[in-house]
Each structure stands twice: as C-alpha cells, then as structure tokens.
Amino acid sequence: MAGAIKLKSSTLVETLVAVTVLSIVAALSIGVFLAISTPGSSSGSMMMAQQKSSEMLDTISSYSLTQNDEISISIENLNYRVSFADYQTNVKKAEVEVLDNRGRLVYTRQRLYYFDE
Amino acid sequence: MLKAGSLAYAIAVSVIVAIICTMMILLAYMNRSYFIHTDWHDRLKDNAHSAISIGLTSDSNEDFQEWKDLFEDGSDSVWIKKRRWGAYEVIFASAKHRNLEFSKTAIKAYTSEETKALALWLTDRNRPLQISGNALLKGNCSLPKKGLDRAYIEGKNYTRKELMYGEKSLSTSKLPEIDKELLDYWSKYLRKEYNQQDSLVDAGKMEKQLSHSFQKKTIIYHSSEEIDLRDIDLSGNILISSEKNIKVGEEVTLNQVILVAPIITLEKTRASSLHIIASDTVILGEDVEMEYPSSIIMKSTDQVPYLKISEGVNFRGCIVSALGDLMRRTNNLSMEINEKAFLKGQVYCEGNFEHMGTIEGTVIANNFLLKTPSGIYENHLLNGKIDRTELSKNFGGLAFGGWKNKSKTIEWLEL
C-alpha cells in the first residue's frame, strides 16, 4: 500500500520500553524535585524546625529571660538558636532562628514574654 | 504496522505514570498546605501569648481595648482587651490571619514580696492581740508594739505552746492601702454607672444557660428589683446587677460571673468561680463553695458593710471589706467567719473582724472583735486559725499601695 508506514515489531517494543523508562524517570524526577523544593515536604525538616521551635518557645525559663541566656542546640542537621532582646519594660522578645548546616536561615519564630525581676 | 496489544500496553503504562505523578503533586501540595496552616496556627498562638504578656505589663487603671502591631507593621496585629473582673483583671487577646484566629483569655492578679510569707498584718491600735482556745498564727506576723498575749475567754485558755509560729515585725497605726482604683471602679457599678464595654439587658430576659466570651461586650442583666437565681447555668463575661438584692440558690452553676447588689445571699451554692460586689450585706450560707479565683468586694456607702461566712463554707480567693470614710470605732462587725468555715487566699478588712474559722493565707485587718454571750472583746482571737504556710508563696491576689506588686497570670480561661 502506497504511503503506509511499516514498523517492525521489535522497533515498536523498543520504543515503548524507551517511553516507559522515560516516563518513570520523569515521574521520579518530579518526585525528587517536589521533595527538595517545597517547604512542607523538604525531607520533613521544616516540620521538624516548626515543632522544635514551638517546644523551645514553650519551655523558656525565667532564668533565660532575666539573664538573656542564649540557647543554642543542633538536632538532625539543623541548628536552633534562641536569642533575647528587650521589647518594653518587663517584656522580653525571644526569637528562634533555625539554620541549616550551610548556615542558611530556614525558619524563624518570635514570641514576647512577661517577666518581673 | 502497529500491534493493537502494544498500543494498549503503552497507554496503560502512561496512565499509571500520570496517576502516580498527579498523586505525588497532590501529596506535595497537601503537605505544603498543612505546613502553612499549622505554621500560621503556631504563629497566631505566639502572637496571642505575646499580647497577653503586653497586657500583664499594663498598669492602666482604666479598661481598654486596642489593636497593636507586635513586630512589624500590619503583619502581626493583635487585639488586646483588658477589664477589671472582681478583685482581678481579665486580659483577652486575639490574633487573626485570613480565616484563622487564635485567642487567649487570662486572669491577672498580683503577688508581692511583702505577702509571700505574711500570715497577719494587724493595725497598731495600742492594744495587744489576745489569743485564746485553739487559735493559730503560723507565718510571719506584723503586730502592734504590745504584741501577743494569752487570754481566757468563755472558759477557754490558749492551748498551744507558742503564741505564734513565724517571724514577728511591728505594724503601724495605718492599714496598708488597698488599690483605691479597684474600689472606685466597683463603686460606680454599685451606682449603676456602667461603662462602654457593657451591654445592658433586662434581668427578666436572662438566659437559663449561657456562656459568653470575653471577646464580646459584657452582658449586664440589670433589675431594679430583687433577683432570685434558680436553675441557671451561666459562665463568662456576664454581670448580674440588682438595685436591691440577689439570692442565689443551690442548683445554680456560675463560672466567672459577677454579682453586684447592695445585698447578696448565697444558699449552698457551688460556683466554679464567682465574684461578689456588695455595699451592704453578703451572706455565704452553709456549705457554699467558691473556687479560686473567686472574690468578694464590699464597699460601704453609708453604713458599715457586713459579710457573714457560715459553717461549711469553702472559699478560695480574695475578700476585701472596705469602709472608706466610715472608718471609726464601732462595735458592728464587718466580717464574721464561722468556726467550721474554710478560706484559702487573702482577707483584707478595714472594719471589725470576728474570725473563728480557718484561713490558709494572709489576713490584713484593722481590728479583731469577738462577740460572745458574755461580752464583746476587742482585738481578741478565739479559735481562729491563720496559716500562711499552706498557701503558695506566689499566690496571686490583691495589689497593695506602697508594696512592690508584680503581675501574674493566675488562670487561663476557655472563654
């Protein structure tokens, strides 16, 4: 038949396999891309930073407030640093900064505390 | 030539891959949304907490409500509201972001170095305090120069080894001043001068069951006649005011509600937390229970106010009986505590105080007066117990003039 395309069965199978492999690779690439690019799923580190920051703010002692005693800890490749600053009379501002192991600021929170020496 | 079977195979694989990709994208999106939602929730919680901290520093005697930017203009705005509530203050804070909102309500009270171990402060009226029977003074006492003495009253001697258990210091001829603004504030309510944060409702329209948030205006159920409270369950930002008297029955549930009237009578009431403002008489009937932080404020207008605390009463909080301009020598009792009554907290009495019960906390009084069938005894204490060691050093109560008062949150409310 004039103009008809004839493909060998083996070529077709190879093409299909190639398409399939490409699709799987593309899907995995998307998955990896999403895993490292979105804050909500970046290896769960943001969730971890959020949860740990809350815990740290909930458990700040009156000693830390009165002495401006900075807190610094490192958990699972994230460094947490709590610093204090005067906000107004008898009120201190506590700020949690979370840095990754390259020193980049990835998360921050702040809260005010009443204290009376 | 294409085989149909191969094409179907290719389409099936593509569909599966597409579904997996879509699911992964959806999962990532949901993760992201969840994170953003919880993060904002946490940030709003932080901001509401921060607003309460700011409210605690406020020494303004006026009620107020305002928007405040916490850290940056516009992005961390919080709504703070403060108003007096009985002997305490209520601070309400709310932080919002789009349709998310987090609010907190705290009750603020005061503590001071002076009251941390103080059991009794008694005005020096050039008379000793005479104690008899099973009376107990445990904790630090500020007493008149003439100190303490044993007395023989109604056939009873003082039964303990020591006259007091704690450190002794000298008091002065002038009672420590209670926060005058507190008394003035509630005097206005006794005169029916309500403020702008109040919403006046006829007491006849009182709901049987109501929980009213401190975010809203205070509901004032007002009546010019007697109010008899039966079968009701009220909590929160509610004030009940009568120009005559209020009676509270035993099947009533009140939580954080304020009662304002010249005369208030409670019959076997069990209140989570109740605040009473009266000018004439308050009777806490048998077995009345009022949990911390409750309060009673009695402010005289033209006569000495009278508070009776009956047998079986269990009261936790602060009591203030103020005479103001009526402070003069009289044999009328301002406060009478039955032998089987129990109080935990602070008692401030400018008038004559007959104490025969048990107080775990601090008493600041002008004069003890004991009325018995055989006579009236001035500055005598028969069987009355005052034990400061059974109350937390950081108990949150009243603010006193000239003492270094520190604010503290004593309770978080779900209202």
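Chain A is the first sequence line, chain B the second, and so forth, proteins listed ahead of strands; every chain is numbered from 1. The figures that follow rest on heavy atoms only: side chains count, while hydrogens, waters and symmetry mates do not.
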So do the side chains of [X] and [Y] get within less than 4.5 Å of each other, counting heavy atoms only?
X: L112(A); Y: I54(B); answer: yes
X: K45(B); Y: D58(A); answer: yes
X: D39(B); Y: Y107(A); answer: yes

Got a sec: does the [atom1] of [X] have more than 12 other heavy atoms crowding it under 6.0 Å?
X: F64(B); atom1: CZ; result: yes
X: E55(A); atom1: CD; result: yes
X: E177(B); atom1: CD; result: no
X: E101(B); atom1: CD; result: yes

Please give me the minimum heavy-atom distance between Y113(A) and S53(B), naming the atom from each residue.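 Answer, listing the atom of Y113(A) first, then S53(B): CA-OG, 3.7 Å.
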Which atom of V91(A) lies closest to which atom of T57(B), heavy atoms considered: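 Closest approach of V91(A) to T57(B): CG2-CG2, 3.2 Å.
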Tell me, for Q88(A) versus chain B, whether the close heavy atoms (under 4.5 Å) come from the side chain, the backbone, both or neither.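 For Q88(A), side-chain heavy atoms alone lie under 4.5 Å from chain B.
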Side chain / backbone / both / neither for S54(A) at chain B, heavy atoms under 4.5 Å: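 Answer is side chain: those atoms of S54(A) sit under 4.5 Å from chain B.
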Nearest-0.5 Å distance that lies between atom OH in Y114(A) and atom NE2 in H49(B): 13.0 Å
For the atom pair CD1 (I36(B)) and CE (M46(A)), what is the distance rounded to the nearest 0.5 Å?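 Result: 9.5 Å between the selected atoms.
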Select one option (side chain, backbone, both, neither) describing which atoms of I52(B) are under 4.5 Å from chain A's heavy atoms.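 Neither the backbone nor the side chain of I52(B) comes within 4.5 Å of chain A.
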S407(B) versus chain A, the contacting section by heavy-atom distance below 4.5 Å: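 It is both, since atoms from each part get that close.
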Six-ring centre of F71(B), R109(A) cation under 6.0 angstrom, axis tolerance 45°: no
Of the listed I16(B), N47(B), L27(B), T38(B), the one with the largest count of heavy-atom pairs under 4.5 Å with chain A is T38(B)
